[in-house]
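First the structure, in the form of structure tokens, and then the observations on it.
Positions are given from 1, in the same order as the sequence printed here. Keep in mind the model is a prediction, meaning the values are calculated, not measured.
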Amino acid sequence: MKLPNEFIKKYQKLLGEDADSFFKGFNNPVKQGFRVNPLKEKLPQSEKLNAPIEYCQYGYFGSVNGKSVDHQSGALYSQEPSAMYVGEVVNAQPGEKILDLCAAPGGKTTHIASYMQNSGVLVTNEIDKKRAKILVENVERFGITNALILNENPKAISKYFPKYFDKIAIDAPCSGEGMFRKNPDAMNYWSQSYVDECASRQKDILRMAMKTLKPGGQIIYSTCTFAPEEDEQIIEWLMDNYNLEIVPIKKYHGMDSGNTKWSSKQSYDLSGTVRLFPHHFDGEGHFIAKLINKDTGNPKKIKKQIDNVSVEQRKLWNEFRENNLLDFNPIRLLAFGDQLFAYPNEIPQLKGLKVMRPGLDLGTFKKNRFEPSYALSLALRTNQVKHTINISFEDWKNYVHGDVIKCSNDLSKGWYQLLCDNQSVGFGKVVNGTIKNFFPKGLRFNV
């Protein structure tokens with residue numbers, strides 16, 4: 001790999017005797033990984049889970065076929081191994097209020113959700129609209145029910161969520177040095193001035209994020225770059241400007257400590273932070289730090305979102321729910337046009353925010369009826385649905401292609417959750433010996 005000359009000179013100076021090994025590491029093969037989804041009712045076949053990752057409870061080495069039942073149903077999520085450790089460091093707990101500020105495509109959001117168990121509030125945000133749409137797809141595929149998905153800038157979020165969050169994950173936009181091996185195109189726009197530009201942007205993001213962190217809350221800051229300007233020096237800047245304390249992160253084999261000598265003033269012990277170097281560790285380059293807010297006091301009160309569904313809309317939803325579902329009765333309902341959502345408790349009023357999803361998409365109001373969503377089918381377990389059908393792999397291939405599936409004429413008319421390889425893959429409607437296809441048109445593919 002032909003690294004930029006300026007990059008080589010910089011890290012020869014910073015790494016000294018270790019520089020040659022560091023540079024040679026860029027020629028090593030990229031390690032792939034994936035996580036299993038504990039929100040799903042059953043795990044994928046055990047033979048796929050033969051290379052567990054030591055530092056990630058749900059993580060495994062290996063690759064995921066994007067055109068498989070396991071991927072389409074959300075049973076597996078492909079994620080680079082180093083990036084998995086960020087979600088572990090967050091240490092999310094059920095009932096917490098957590099922000100994933102720079103969330104697309106959704107790796108850390110889905111990881112955090114694995115531990116929240118759909119309890120609490122998970123605000124997941126992406127400022128880029130196209131990437132925010134990918135975030136929506138991954139959140140829905142994973143079966144997350146407590147996520148508020150936004151397409152906002154950090155300043156707007158700081159206004160709506162003052163001192164609100166227990167934890168904030170910031171996988172900051174960075175110069176991407178740690179991804180050169182995986183994405184060589186990142187070298188084309190690398191320069192020292194770009195590193196400095198990224199560091200300035202990271203400070204802007206952190207200024208806004210700090211306004212949303214409640215006393216005693218935690219910030220988990222990460223990058224996929226080696227640059228001290230974006231790593232140790234950002235943590236030093238945070239410590240200089242806010243009442244924060246570093247929470248030491250556990251290190252596993254191959255993980256390095258942050259380098260105090262790489263900060264500007266060397267005024268803080270940064271050994272509690274983590275550096276992942278590809279020539280020491282099976283993964284791409286990463287930096288992770290965890291800090292706790294030492295301020296005291298109480299979170300600010302906010303005006304909470306309230307239900308807005310009409311009497312007629314609630315009637316149609318309740319008719320569908322009573323006829324088709326079991327043990328599923330969300331309390332807080334919100335209509336966006338003809339779409340109905342179940343939203344998490346204690347979120348602020350959403351008026352003025354760019355909302356991609358205010359919660360779980362339940363479905364769409366049609367004329368005198370309610371049609372369930374794809375997201376709902378992936379979030380429900382089989383014991384929450386009155387009618388299910390096991391379909392073959394061949395039927396699944398037809399389903400994700402958008403085709404009608406044949407079934408027994410003995411099946412009664414109505415909505416069914418379709419199951420393949422023990423996973424829910426969507427809803428279908430049985431009519432006269434066929435299953436009408438409701439797989440979203442924008443997601444259809446050939447196998």
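Applying the side chain to side chain donor-acceptor pair (under 3.5 Å) test to pairs two or more places apart or on separate chains, those with a residue in residues 325-351 are Lys97-Glu346, Asp307-Tyr343, Arg321-Asn329, Arg332-Asn345, Gln339-Asp361, Gln339-Thr364. Residue pairs meeting the side chain to side chain donor-acceptor pair (under 3.5 Å) criterion with at least one member in residues 430-446, sequence neighbours excluded: His401-Asn446. The salt bridge (charged side-chain N to carboxylate O under 4.0 Å, His left out) pairs that include a residue from residues 55-84 are Lys48-Asp70, where partners are two or more places apart or lie in different chains. Applying the ring pair (Phe, Tyr, Trp, His ring centres under 6.0 Å) rule to pairs touching residues 344-368 yields Phe365-Phe370, sequence neighbours excluded. Among residues at least two apart or in separate chains, salt bridge (charged side-chain N to carboxylate O under 4.0 Å, His left out) pairs with a member in residues 385-396 are Glu394-Lys397.
Comment: Lys108 does not engage Asp100 in a salt bridge, judged by the lack of any side-chain N to carboxylate O separation of less than 4.0 angstrom. Salt-bridge check for Arg201 with Asp204: failed, with every basic side-chain N at 4.0 Å or more from each acidic carboxylate O.
The heavy-atom pair separating Tyr85 from Ile288 by the smallest distance is CD2-CD1, 3.8 Å.
Residues meeting the side-chain hydrogen bond (donor to acceptor under 3.5 Å, both in side chains) test with Asp166, sequence neighbours left out: Lys214. With sequence neighbours excluded, no residue satisfies salt bridge (charged side-chain N to carboxylate O under 4.0 Å, His left out) with Glu322. By the side-chain hydrogen bond (donor to acceptor under 3.5 Å, both in side chains) test, His71 is found to be paired with no residue, residues two or more places apart in sequence or in another chain being considered. With sequence neighbours excluded, the residues satisfying side-chain hydrogen bond (donor to acceptor under 3.5 Å, both in side chains) with Glu88 are His111, Tyr115. Applying the salt bridge (charged side-chain N to carboxylate O under 4.0 Å, His left out) criterion to Asp403, with sequence neighbours excluded, gives no partner residue. Residues passing the side-chain hydrogen bond (donor to acceptor under 3.5 Å, both in side chains) test with Gln32, sequence neighbours excluded: none. In this view, Glu177 satisfies the salt bridge (charged side-chain N to carboxylate O under 4.0 Å, His left out) rule with no residue, not counting sequence neighbours.
Within 6.0 Å of the NZ atom in Lys251, the count of heavy atoms belonging to other residues, nucleotides or ligands exceeds 12.
When the options Tyr58, Tyr60, Tyr77 are evaluated for a ring pair (Phe, Tyr, Trp, His ring centres under 6.0 Å) with Phe34, the one that passes is Tyr60.
In this structure, Phe438 has its ring center at least 6.0 angstrom away from the ring center of Phe427.
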